[in-house]
Amino acid sequence: MAGPIVLLTDFGERDGYVGTMKGVILRINPSVTIVDLSHTIPPQDVTDGAFVLGTSYRYFPAGSIFVAVVDPGVGSERRAIALSAGAYTFVGPDNGLFTLVLADFAVPTPDGGGLASLMGTPVTGVVLEKSEYFLPTVSATFHGRDVFAPVAAHHSLGVPLAAFGPPLTEVVSLPSQRPRWENGALSGQVIHVDRFGNAITNITRAELARLTLPVVEVVGLQIVGLQHQYAGASGLLALIGSSDRLEIALNGGNAAVEFGLAVGTPVVVEEARLVDEARLPSREGSGMIDEESRSG
Amino acid sequence: MAGPIVLLTDFGERDGYVGTMKGVILRINPSVTIVDLSHTIPPQDVTDGAFVLGTSYRYFPAGSIFVAVVDPGVGSERRAIALSAGAYTFVGPDNGLFTLVLADFAVPTPDGGGLASLMGTPVTGVVLEKSEYFLPTVSATFHGRDVFAPVAAHHSLGVPLAAFGPPLTEVVSLPSQRPRWENGALSGQVIHVDRFGNAITNITRAELARLTLPVVEVVGLQIVGLQHQYAGASGLLALIGSSDRLEIALNGGNAAVEFGLAVGTPVVVEEARLVDEARLPSREGSGMIDEESRSG
Amino acid sequence: MAGPIVLLTDFGERDGYVGTMKGVILRINPSVTIVDLSHTIPPQDVTDGAFVLGTSYRYFPAGSIFVAVVDPGVGSERRAIALSAGAYTFVGPDNGLFTLVLADFAVPTPDGGGLASLMGTPVTGVVLEKSEYFLPTVSATFHGRDVFAPVAAHHSLGVPLAAFGPPLTEVVSLPSQRPRWENGALSGQVIHVDRFGNAITNITRAELARLTLPVVEVVGLQIVGLQHQYAGASGLLALIGSSDRLEIALNGGNAAVEFGLAVGTPVVVEEARLVDEARLPSREGSGMIDEESRSG
């Protein structure tokens with residue numbers, strides 16, 4: 001049984017654009033399962049689309065076909081592509097939407113963004129050029145409906161990627177979002193704010209593992225130690241969230257709104273070595289904000 | 001054929017959390033039907049989640065498995081549970097989300113909330129403890145993905161509830177939302193405001209049946225008689241809505257916004273016995289606001 | 001294999017109303033595919049519902065059954081109907097929701113709205129009167145759940161339209177939205193604003209084909225020539241959008257918010273014959289706003 005077709009867009013659901021894509025898919029493959037991943041990526045925010053796709057795809061069944069359409073360049077020279085990575089297929093514009101996925105498959109990401117080579121990686125891809133797999137009329141403004149949905153539907157019926165166009169050797173990549181070690185401190189930033197106001201950073205569990213007792217500095221406050229969960233803490237707290245990234249949250253409240261956190265807000269983490277350890281809570285600590293050690 | 005898995009959460013759809021739960025379910029049971037009930041329950045509003053679930057579940061097919069995740073206590077000591085009630089299964093945190101459902105199955109609800117006993121009721125349940133039915137890694141912040149979705153998917157494949165953990169004899173219950181009779185008047189409140197601005201109360205059709213011509217007092221106004229439908233009325237009107245509860249509405253407008261109705265707004269209903277009956281409209285009346293008989 | 005049941009409403013998704021309709025459908029036909037077209041039509045905005053349905057339905061598979069519920073008259077004398085048009089079935093209130101669909105099937109639309117006759121057209125229909133196909137109890141306020149969803153589900157199982165009630169010979173039609181030619185200029189208006197702030201007009205590709213180099217006047221500005229796509233242009237631009245209608249947009253921005261465009265905003269298009277053609281860009285032009293030729 002083929003996997004589902006999974007849709008991620010910035011289309012909202014109000015205008016019927018996503019429903020129309022589903023109609024196109026079902027006209028080609030009436031029995032495929034279609035799943036919505038998100039349709040409220042902020043308009044034209046390729047970086048956020050890449051984050052949501054990159055943190056979610058691995059939970060889907062082998063054989064899943066992801067159609068991702070956050071596409072400010074629709075109708076221009078930007079290419080339409082399909083990628084095969086592990087057990088998954090990804091279909092969409094060549095504008096960096098797949099950057100986080102590709103990093104998982106060892107595709108090297110240029111620090112400042114640009115072209116990433118697929119040579120020597122397990123990822124293969126094609127440029128979507130064979131118009132017999134598109135709708136008969138292709139508009140200049142809605143390739144989700146006219147190109148990406150029909151290609152995904154044909155692929156779900158067994159048409160191999162190679163049939164859709166010539167091989168792809170490099171893809172557009174967004175700038176790297178890796179945090180930097182500077183003077184013994186890990187310097188990162190908020191990269192996504194979720195519905196609850198939790199601010200998710202680009203600092204991962206693996207990087208935090210190098211610290212015994214992390215102190216998180218954000219918006220001029222210091223949070224000492226990591227919590228295990230939201231419940232039970234008071235004030236701004238830090239924990240490792242469900243995407244294995246450092247997350248700043250507020251139990252029972254909206255951290256982003258109440259503390260002014262947004263995408264791009266700097267977050268610095270360092271070892272609590274300069275602080276009197278006797279005063280400190282255990283690693284799964286209180287999440288208290290230590291006024292005395294406030295920086296500056 | 002097994003029933004669908006029905007999802008209710010406060011996750012929104014923007015961050016991909018719901019889509020990820022669907023991926024987890026389809027990886028375990030690729031052919032199950034998944035239905036969204038609501039994902040925009042106000043963040044952490046267990047009471048509202050209980051209302052939406054409680055007014056909707058009975059319209060679903062026998063065999064439906066409801067996964068309800070409004071879960072401020074995720075990762076803490078609160079239990080994860082599954083309940084069997086009539087033809088349905090309910091999976092989620094033990095925090096009162098199932099209170100309205102359980103009341104339909106004769107589980108006595110403590111007036112001020114607390115623990116409700118399942119002994120002597122037709123409801124059975126288990127505590128979800130068998131981690132072989134969870135994802136291999138269970139985060140502290142996303143049990144919808146790591147615990148509830150996989151348990152529901154395994155149950156949809158035929159794994160009986162008893163396999164998931166030890167029996168449950170009592171569950172957390174929200175405070176009762178029953179209205180009170182006081183001095184011959186029925187005293188209730190608004191418990192939900194819908195997209196149209198209709199304010200739904202905790203006063204049911206059965207309770208209203210005791211009155212010949214009800215007069216509804218809300219925000220200092222009196223509404224005499226009940227309308228049959230929205231259309232045709234002018235001004236604030238009262239009717240029995242689609243959940244068999246007294247509802248305050250405004251034909252062609254948003255009653256909640258224009259009259260300041262919100263969850264918790266007091267609503268009192270009494271017999272129109274003190275008013276000159278000759279002046280009154282029939283039971284399916286005008287819905288007029290009678291200024292002269294305004295209380296106070 | 002029967003086509004999917006496609007839902008369009010103004011219910012939002014928050015209150016569980018749409019999920020409940022899906023439960024009702026699956027209880028009658030557990031294996032039918034259900035697709036959401038839109039549920040955030042502005043409350044009671046029949047005109048907008050008609051637009052979204054009319055621009056989307058043709059992309060769905062033959063056999064699709066559309067259930068459209070934007071229904072301010074629910075519970076009143078307005079009729080419940082089902083229509084057969086080409087390969088599709090449409091179920092909903094008789095209030096004009098199907099106006100754009102019917103125009104595609106040569107049903108003449110009265111200019112000012114009113115009753116449109118189906119006689120001599122390929123469209124047939126019935127009035128939904130046979131209550132054995134409704135839920136056992138029909139509320140006065142939620143026919144989506146109690147009438148339209150169960151009728152669609154029974155139809156998807158093979159019950160012919162004729163079984164649901166007597167034939168229909170005329171239906172309610174919204175006023176025509178055709179633009180007018182006046183003094184050599186095509187006079188239309190904005191009829192829909194999408195999530196991106198693109199303002200879609202009632203002026204179609206076919207009508208624009210009569211102009212060599214169109215100049216679009218909107219909110220006191222003139223846009224000379226049509227763009228091919230959003231990308232690459234600066235300032236307010238005009239193009240033919242994915243519904244084959246003239247659309248006013250802003251590359252990388254929200255045209256509606258930044259330029260005050262809304263449903264009803266007048267849009268006039270005329271030939272650029274009065275302007276020195278040597279100064280003008282090619283037809284796929286710059287989209288520049290020509291300050292000197294600003295009207296008034």
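Just the heavy atoms: all of them, side chains too, but no hydrogens, waters or symmetry mates, feed the values below.
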Asker: Can you check whether A:Val70's main-chain N or O pairs, donor with acceptor, with A:Asn95's side chain at less than 3.5 Å?
Answerer: yes

Asker: Name the member of A:Tyr59, A:Phe60, A:Tyr230 that forms the most heavy-atom pairs with chain B at distances under 4.5 Å.
Answerer: A:Tyr59

Asker: Is there a donor-acceptor pair closer than 3.5 Å between any side-chain N or O of B:Asp146 and the backbone N or O of B:Leu135?
Answerer: no

Asker: Just wondering, more than 12 heavy atoms not from B:Glu132 lying within 6.0 Å of its CD?
Answerer: yes

Asker: So which residue, B:Gly73, B:Ser139, B:Gly19, B:Pro72, ends up with the most heavy-atom pairs under 4.5 Å with chain A?
Answerer: B:Gly19

Asker: For chain B, which residues of residues 42-52 of chain A have at least one non-hydrogen atom nearer than 4.5 Å to it?
Answerer: A:Pro42, A:Asp48, A:Val52

Asker: Given the options A:Val6, A:Leu7, A:Thr40, A:Val35, which has more heavy-atom pairs under 4.5 Å with chain B than any of the others?
Answerer: A:Thr40

Asker: Going through the distances and angles, do A:Leu221 and A:Phe259 end up as a side chain to side chain contact (heavy atoms under 4.5 Å, CB included)?
Answerer: CA-CA 10 Å; A:Leu221 299 171; A:Phe259 287 85; 3.6 Å; yes

Asker: Under a 3.5 Å distance rule, please check whether A:Gln229 uses its side chain to pair with a backbone N or O of A:Ala231 as donor and acceptor.
Answerer: yes

Asker: For A:Thr204, is there any backbone N or O sitting under 3.5 Å from a side-chain donor or acceptor partner on A:Glu207?
Answerer: yes

Asker: Tell me whether B:Arg14 is salt-bridged to A:Asp10, with the criterion being a basic N under 4.0 Å from an acidic carboxylate O.
Answerer: no

Asker: If you tally heavy-atom pairs under 4.5 Å against chain A, which of B:Leu26, B:Ile34, B:Asp36 wins?
Answerer: B:Leu26

Asker: Which residues from residues 164-176 of chain B are near chain A, with near meaning under 4.5 Å between non-hydrogen atoms?
Answerer: none

Asker: Using salt bridge (Lys or Arg N to Asp or Glu O under 4.0 Å) as the criterion, list what pairs up with A:Asp104, not counting sequence neighbours.
Answerer: A:Arg58

Asker: Which answer fits B:Val18, side chain, backbone, both or neither, if we ask what part of it has an atom under 4.5 Å from a heavy atom of chain A?
Answerer: neither

Asker: According to ring pair (Phe, Tyr, Trp, His ring centres under 6.0 Å), who are the partners of B:Tyr88, at least two apart in sequence or on a separate chain?
Answerer: B:Tyr57, B:Phe66

Asker: For B:Tyr17, is it the side chain, the backbone, both or neither that has a heavy atom under 4.5 Å from a heavy atom of chain A?
Answerer: side chain

Asker: Output yes when a side-chain donor or acceptor of A:Asp71 lies under 3.5 Å from a complementary backbone atom of A:Pro93, and no otherwise.
Answerer: no

Asker: For B:Arg145, is it the side chain, the backbone, both or neither that has a heavy atom under 4.5 Å from a heavy atom of chain A?
Answerer: side chain

Asker: I'd like to know if the side chain of B:His155 and the backbone of B:Val159 have a donor-acceptor N/O pair within less than 3.5 Å.
Answerer: yes

Asker: Verify whether one side chain among A:Asn29 and A:Ser156 offers a donor that lies under 3.5 Å from an acceptor in the other.
Answerer: yes

Asker: Is it true that a side-chain atom of B:Ser131 and a backbone atom of B:Phe134 form a donor plus acceptor pair closer than 3.5 Å?
Answerer: no

Asker: Starting from the C-alpha separation in whole Å, work towards a yes-or-no answer on side chain to side chain contact (heavy atoms under 4.5 Å, CB included) for B:Asn254 and B:Asn198.
Answerer: CA-CA 7 Å; B:Asn254 186 307; B:Asn198 300 327; over 6 Å; no

Asker: Is chain A contacted by the side chain of B:Ile28, its backbone, both, or neither, given a heavy-atom distance below 4.5 Å?
Answerer: neither

Asker: Heavy-atom distances under 4.5 Å only: say whether A:Leu53 touches chain B with side chain, backbone, both or neither.
Answerer: neither

Asker: Is it the side chain or the backbone of B:His39 that comes within 4.5 Å of chain A heavy atoms, both, or neither?
Answerer: backbone

